[in-house]
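Order of the sequence lines fixes the chain letters, A, B, ..., with proteins taken first and strands second; residue numbering starts at 1 for each chain.
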Protein chains: 2
Amino acid sequence: MTIAKDMTGGIALWRQIADAIRLDIVGGKLATGDRLPTEAALAQRFSANRHTVRRALSVLADEGVVGAEQGRGTFVRSARRLSYPIGKRTRFSEGLAGQARTLTTQHLGSRVENANAAVAAALGIKPGNRVVRIEGVSLADGLPLSRTTTWLPYRRFPDFAGRIVERLSFTAVFASYGIADYSRSSTRISARHADVEETKLLGLRPGAILLVSEAVDVDAEGVPISYALSRFPAERMELVV
Amino acid sequence: MTIAKDMTGGIALWRQIADAIRLDIVGGKLATGDRLPTEAALAQRFSANRHTVRRALSVLADEGVVGAEQGRGTFVRSARRLSYPIGKRTRFSEGLAGQARTLTTQHLGSRVENANAAVAAALGIKPGNRVVRIEGVSLADGLPLSRTTTWLPYRRFPDFAGRIVERLSFTAVFASYGIADYSRSSTRISARHADVEETKLLGLRPGAILLVSEAVDVDAEGVPISYALSRFPAERMELVV
DNA sequence: TCGCATTTGTGCGTATGTATT
DNA sequence: AAATACATACGCACAAATGCG
């Protein structure tokens with residue numbers, strides 16, 4: 001990984017260095033417990049001053065990714081990145097089972113609103129039609145993994161919001177509406193920087209990169225039942241097709 | 001889209017604003033030919049100075065995304081983002097056909113090297129075994145779309161490098177080795193910032209976000225034949241499963 | 001043609017953050 | 001720890017081009 005030395009790109013050198021080291025760790029080049037190269041070696045590798053490297057390391061230490069020990073060196077604390085499988089039968093909790101000890105979903109709220117153009121197109125309804133909007137965050141072992149906004153047609157699922165708070169599983173609520181099975185019809189994947197609200201809810205630093213997935217689920221007849229906009233911290237998650 | 005006002009996140013405000021506006025454009029909120037809000041209005045929206053907004057707009061103007069006209073306003077020049085389909089039978093040129101007028105692939109070079117752990121695991125060979133490594137860039141209508149590094153087992157494809165420069169199509173070269181058909185066995189998707197080499201080759205600004213896809217193709221018997229690491233500028237491409 | 005509001009373009013001063021030496 | 005150089009961000013003012021009544 002090479003790096004832009006001046007700050008004309010609008011991204012501070014310490015952040016570029018922190019991102020590069022974090023990538024080495026979550027990408028597998030450095031395992032949990034490994035000792036990082038010395039600060040002097042890192043400074044040479046990135047053509048930066050040791051002060052700058054130290055700032056990058058202190059950021060990673062705050063995140064819990066590495067820990068410095070005086071006189072011994074800096075060590076990798078946790079090196080795992082979870083894989084989220086995407087396919088025809090994508091189910092959130094099933095896909096991550098086994099990768100984390102505890103997997104929880106927090107329901108942040110919901111409301112009924114009018115569908116904008118994007119939501120209407122995804123759900124195959126007219127713009128302005130009523131839709132239920134559900135906000136949620138999921139955590140693995142206490143660490144936020146995804147921030148999801150889901151829209152469903154109000155006509156078909158008028159009380160979806162009421163039922164999701166009890167059951168906490170989309171699959172279960174769909175079943176309560178008589179939908180025994182459903183499948184993923186399409187997933188679009190893009191990437192961008194997190195905004196401040198996402199930064200806060202996902203416990204990230206400003207400027208973190210998000211993987212954004214827009215998914216449409218359909219029932220057995222192929223009728224769209226939900227449109228989900230999920231945002232995953234790229235430093236903690238990867239998507240597997 | 002809310003934005004971090006201070007620069008404590010290591011990402012300059014003008015860059016965050018440029019990213020947010022670009023997202024509005026490629027995301028469909030602003031169409032080609034639309035007039036952007038005035039600089040004063042944007043400054044208010046992002047709680048920033050007009051100078052800062054102007055810097056963001058000048059970056060977007062350099063990219064060709066918007067154009068400013070004195071006395072009239074700033075207008076959206078081009079609003080399209082290409083979709084790259086991913087599936088069992090993923091073929092690069094087929095997937096993008098119809099989305100761009102011209103689609104070219106540049107062969108940047110190749111060499112034989114020893115497989116590292118990641119490459120070996122993907123290809124199902126022993127680390128240290130010889131592999132052919134191919135570097136390439138593809139362009140749509142002259143605009144760089146992807147930067148791809150591909151590894152293939154040397155034992156099976158000793159002259160792959162020689163043949164790719166003539167045929168310029170992986171499908172065609174595989175056919176010349178007697179592989180009539182092949183399919184995608186897995187695709188892993190992540191995201192990160194571009195490094196300086198990628199920035200240069202893809203014609204991006206420092207700090208641009210890349211969608212990274214790691215794909216393994218297998219022959220009819222399920223034996224891995226190639227491991228491809230592709231990097232797409234997130235501002236120009238999205239992946240569709 | 002004139003005047004006026006709107007909008008982009010330009011200049012300068014100040015304060016703060018970044019990175020090196 | 002301090003000095004230096006540069007980039008970022010803000011605030012104010014004014015010039016230049018456009019469009020409209």
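Neither side chain, Ser146(A) nor Ser230(A), offers a donor N or O lying under 3.5 Å from an acceptor on the other. There is a side-chain donor-acceptor pair under 3.5 Å between Tyr227(B) and Glu214(B).
The nucleotide whose nearest atom lies closest to any side-chain atom of Glu39(B) is, among dC10(D), dT7(C), dT8(C), dT8(C). Closest approach to the Trp14(B) side chain among dT8(D), dT10(C), dC10(D) is made by dT8(D) (side chain taken as heavy atoms from C-beta onward). With distances taken from any side-chain atom of Thr52(A) to the nucleotides dT20(C), dT7(C), dA9(D), the minimum falls on dT20(C). Considering only side-chain atoms of Ala12(A), the nucleotide from dT18(C), dG9(C), dA9(D) that sits closest is dT18(C). Closest to the side chain of Arg55(A), out of dT18(C), dG9(C), dT7(C), is dT18(C).
Not a single salt bridge (Lys or Arg N to Asp or Glu O under 4.0 Å) links Asp34(B) to another residue, sequence neighbours left out.
The shortest side-chain heavy-atom distance between Asn114(B) and Asn129(B) does not fall under the 4.5 Å cut-off. The shortest side-chain heavy-atom distance between Val112(A) and Val131(A) does not fall under the 4.5 Å cut-off.
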Once each nucleotide of nucleotides 11-21 of chain D is scored for protein heavy atoms under 4.0 Å, what B/S/- sequence comes out, 5' to 3'? BBB--BBSS--
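Separating the CZ atom of Phe46(B) from the P atom of dT8(D) is a distance of 18 Å, rounded to the nearest angstrom. In this structure, CG of Leu13(B) is placed 9 Å from C1' of dT8(D), rounded to the nearest angstrom. Per the geometry, CG belonging to Leu60(B) stands 16 Å off C1' belonging to dT8(C), to the nearest Å. Here the P atom of nucleotide dA7(D) and the CZ atom of Arg15(B) are 16 Å apart, to the nearest Å. Straight-line distance from the CZ atom of Arg35(B) to the P atom of dT6(C): 12 Å, rounded to whole Å.
Under the Watson-Crick or G-U wobble criterion, with both distances below 3.5 Å, dA1(D) has no partner in any strand shown.
Checking the phosphate oxygens (OP1, OP2) of dT8(C), a side-chain nitrogen or oxygen of Thr74(B) falls inside 4.0 Å.
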Would you check, one step at a time, whether the test side chain to side chain contact (heavy atoms under 4.5 Å, CB included) holds for Val240(A) with Ile189(B)? CA-CA 6 Å; Val240(A) 178; Ile189(B) 298 166; over 6 Å; no
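Counting all heavy atoms, side chain and backbone alike, Thr148(A) lies closest to Ala228(A) at CG2-CB, 4.3 Å.
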